[in-house]
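Worth saying up front: this structure is predicted, and the values here are computed from it rather than measured.
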Amino acid sequence: MSSSEALLRQLRDHVGAAHVLSGERATRRFRKGYRFGDGKVLAVVRPGTLLELWRVLQAVVAGDRIVILQAANTGLTGGSTPDGDDYDRDIVLVSTLRIAGVQVLGDGEQVVCLPGATLDVLEKTLAPLQREPHSVIGSSCIGASVLGGICNNSGGALVRRGPAYTQLALFAQLGDDGVLRLVNHLGIELGDTPERILTRLQSRDYAAADIAHDASRVASGKDYAAHVRDVDADTPARYNADASRLYEASGSAGKLCVFAVRLDTFPKEASATFYIGSNAPDDLTGVRRHLLTAFERVPISGEYIHRDAFDIGAKYGKDTFLLIDKFGTDKVPKAAALQSRIDGAFERIGLRGVTGYIMQAVMALWPNHLPRRMREWRDRHEHHLLLKVSAQDAAATREFLESFFASKSGDFFECDAEEARKAFLHRFAVAGAAVRYRDTHRASVQDIVALDVALRRDDRDWVETLPREIEDTMVARLYYGHFFCHVFHQDYIVKKGSDPLAIEHAMWKLLDARGAEYPAEHNVGHLYKAKPELAAFYRALDPANTFNPGIGQTSKRKHWAEGECCSEH
C-alpha cells in the first residue's frame, strides 16, 4: 500500500469514508475558488467535530502533507484553495463547515464561534438578543464563515468597527521542531489535553466561572471610529498588512488551524438610510468629511456605487438579488454548491459556465427588481452613496443634507424600509456581477482584474483616472466600496487578448504613487505579494510551511525553501 493510500485510509477511519473525497469531480467545489484559484488535491476531508479535526491534522502532519483549511470557500483572492500544481508535497484540503456552532456567553455581549459558524447564522443567533456581530452586510449573505473573517482581518461595511479582530482564540500550531500543539488562548478553562479541551468546548461543557475576563486581551478591534475620523491623515484607515491587526489567529490566513474564536458583539440600534446621488465627486467628499468630523457618532455605514457598477450589478447580479430577496440568505450557499456541481458536469463535455447563461436568459424575462427612486437616481447621477445613520442622528443628518445640496448638483432622498433593504442588497449583488459578466462573455473577455484598495484618508481625488493604454484594454470597470473608510473594490473586465497580470502590475504602480495600500480587506490570497512584514508574520506562525504554503506569493516549499516551484506569478 502506498503512503497516500495509507493516509487516505487513516483519514476515513477518523471522519468516515463519506467525508473523504478524492478525484476531480468530487473535489471540484472545494478546490476551485469562487473567483480565483484551482489546483490538485490528494483529498478533501470534512471532519464533523473539533476532535476529528485535531486527529485529521495529526495524520496529515505525520504524513508530511500540506494542509489547506477552508470554510465557506467564498474568498475572492484564492486564499483557501490550491494555487496551481507546483507544490512539493500533496495537499489535503480540510473543509470545516460541518463543525458548526455559535455559543453565546453571558447575555450575548460575547460569543464563541466554531470553524463552521457563518456570519449569517451568527447574525440570526444574536437578533433575538438585540445584538449584532462585527459584520451584518455583504459577505454574510453568501455564507462566509466567522473564522474566515478573523483569519483574513476582513473589513466589512460598518464604519465604527474596523477590521475583524480578536486576541482570544483556540488554535493548532506546528512548531519548528515538528510538533503539533494545541494553544488555548480562548480565555476559557477547558482542561489540559487536546482531547479534553476540544471535547468540552464542542459540548459547551464549561461554566461562567471558567470564563476569564482579562482586559489585556481584547475580542474586537478598539478605537477604529476615532481612527477613521482623522480625515486629514495621509495614510489609509485599514488594510490587511497593518501590523497592528496581526495577532495569532487574526490575520493568520490559514497558517494556523483555528478551532474557535471569542468575539465581542454589539448593540443593535434603530437606523435611517439616505440615498445620495451626484455627478460631482467633490459632493460625496464633502458629505464624508463632514459626517466623520462634525457628529458625535460616525455613520453606521456608507456604501459607494458607481453608475457603471450599478448597471452591471442590476443585470448580472439580478438572480443573486432575487434569490436572497425571495428565499433568504441561508439558501445562497446551497444554490452555489448546486451551481458548482452542474457547471462541473458540463465542463467535462467542454461547456463552461452553463448555469450563468441559463440564469441570464431567465433574468431577462423577469421584471425590473429595483425600486423606482433608485432607478431615477441612476439616470440622474453617476455617483451613488448609501448612507445609514443612527435613528437619533437622522434629523441632524437630514438637515445637513438639505443645506448641503441646496447649492450642489447632487440630491438625496430618505429611504423607506423596503428601499433601504433593497439598496443595500443591490450593493451586495454588484460584488459578484463581474464574475457572471466574464463567464457569459468568454468570447470577448480575457479575465477579471479585481483589486480592493485602501486610499489615504485625506485623498480627495478618489475617482480613478487611468492612462489611455490601460483603459483601452478594458471592456468595463466596476467601482464600489466602503466610502467612509475610503476602501474601494475595483473590478476591471479585461478585453480578450490582453494580459490581466501585466495590467494588474501596472495598476499596482499607479496605486503606489497615490499612497494607497492593497489589499484592503480580502487579504493577499495568491493574487497579491505579501509585504515583508506580513510574510514574516506568516513565517513565524508556520516555520515548517505546512499550512497554506504559497500564500501571498511566498515559498510553496517545505521550511520555506526557495526553488522553481515557488517562482513569483
Side-chain angles (χ1 to χ4, degrees), residues 7-22 27 30-31 41-73 79-81 90-103 112-118 121 143-151 166 168-175 179-186 188 190-206 248-249 252-262 541-542 544 546-548:
L7 175 58
L8 291 174
R9 175 177 290 187
Q10 191 176 5
L11 295 173
R12 293 185 188 107
D13 289 342
H14 290 321
V15 305
H19 299 299
V20 178
L21 311 177
S22 58
T27 61
F30 298 95
R31 59 178 172 75
V41 297
L42 175 64
V44 171
V45 185
R46 304 175 64 238
T49 67
L50 296 175
L51 187 55
E52 286 184 1
L53 175 57
W54 173 251
R55 288 172 175 162
V56 166
L57 292 180
Q58 287 180 307
V60 177
V61 168
D64 196 24
R65 280 9 184 241
I66 286 169
V67 178
I68 294 181
L69 293 145
Q70 182 186 98
N73 195 16
S80 61
T81 55
D90 288 335
I91 295 170
V92 175
L93 193 155
V94 181
S95 171
T96 62
L97 274 186
R98 292 182 63 226
I99 316 174
V102 174
Q103 301 175 2
V112 171
C113 293
L114 304 189
T118 64
V121 169
S145 72
V146 177
L147 269 66
I150 292 296
C151 293
T166 186
L168 300 170
L170 174 67
F171 56 89
Q173 183 174 27
L174 184 61
V179 176
L180 186 70
R181 296 177 176 86
L182 186 68
V183 180
N184 184 7
H185 287 167
L186 203 56
I188 302 175
L190 295 165
D192 299 323
T193 67
E195 291 75 15
R196 180 161 174 74
I197 291 169
L198 296 173
T199 301
R200 288 186 63 192
L201 179 61
Q202 184 93 47
S203 60
R204 209 192 187 289
D205 179 20
Y206 56 89
E248 296 179 342
S252 58
K255 302 302 287 183
L256 302 171
C257 177
V258 183
F259 287 81
V261 294
R262 180 173 158 190
L541 291 180
D542 181 23
T546 292
F547 289 87
N548 210 8

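Distance CD1/Ile188 to CZ/Arg200: 10.0 Å, rounded to 0.5 Å. The CG atom of Leu42 lies 9.5 Å from the CD1 atom of Ile91; values are rounded to the nearest 0.5 Å. Once rounded to the nearest 0.5 Å, the distance linking CZ of Phe259 with CG of Leu186 reads 12.0 Å. With rounding to the nearest 0.5 Å, the separation of CG in Leu114 from OG in Ser145 is 11.5 Å. Here CG of Leu170 is found 12.5 Å from CZ of Arg262. Values are rounded to the nearest 0.5 Å. Here the CG-NE2 distance, from Leu51 to His14, works out to 9.5 Å after rounding to the nearest 0.5 Å.
Between Leu201 and Val112 the shortest side-chain heavy-atom distance falls below 4.5 Å. With contacts defined as side-chain heavy-atom distances shorter than 4.5 Å, the pair Pro47/Val45 qualifies. For the pair Leu50/Pro115, a side-chain contact is recorded, criterion being any heavy-atom separation below 4.5 Å from C-beta on. Residues Asp90 and Val92 fail the side-chain proximity criterion, which asks for heavy atoms closer than 4.5 Å.
Applying the side chain to side chain donor-acceptor pair (under 3.5 Å) rule to Gln103 yields the partners Tyr206; only residues at least two apart in sequence or on another chain are considered. Taking the side chain to side chain donor-acceptor pair (under 3.5 Å) definition, one finds that Arg46 meets it with His19, sequence neighbours left out.
In plain terms, the two heavy atoms of Phe547 and Lys255 that are nearest each other are O-NZ, 2.7 Å. Residues Leu53 and Ile99 approach most closely at CB-CD1, 3.9 Å, considering heavy atoms. Taking all atoms of both residues into account, the shortest heavy-atom contact from Leu190 to Arg196 is O-CG, 3.6 Å. Taking both residues in full, the closest heavy atoms of Ser95 and Val44 are given as CB-CG1, 4.5 Å, listed atom of the first, atom of the second, then distance. Between Leu147 and Val258, the shortest heavy-atom distance links the atoms CD2-O, 3.3 Å. In terms of heavy-atom proximity, Val20 sits nearest to Val15 at CG2-CG2, 3.6 Å.
At distances below 3.5 Å, not a single donor-acceptor pair connects side-chain atoms of Asp205 with backbone N or O atoms of Thr199.
Considering Leu182, Leu180, Asp542, Leu256 as possible partners of Gln173, the one that fulfils the side chain to side chain contact (heavy atoms under 4.5 Å, CB included) test is Leu256.
The aromatic rings of Phe171 and His185 lie perpendicular to each other, with more than 60° between the two planes, well past the 30° mark.
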Walk me through whether Leu69 and Asn548 qualify under side chain to side chain contact (heavy atoms under 4.5 Å, CB included). CA-CA 7 Å; Leu69 293 145; Asn548 210 8; over 6 Å; no

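Atom CZ of Arg204 has more than 12 neighbouring heavy atoms from other residues, nucleotides or ligands inside a 6.0 Å radius. Heavy atoms from other residues, nucleotides or ligands lying under 6.0 Å from CZ of Arg65 number more than 12.
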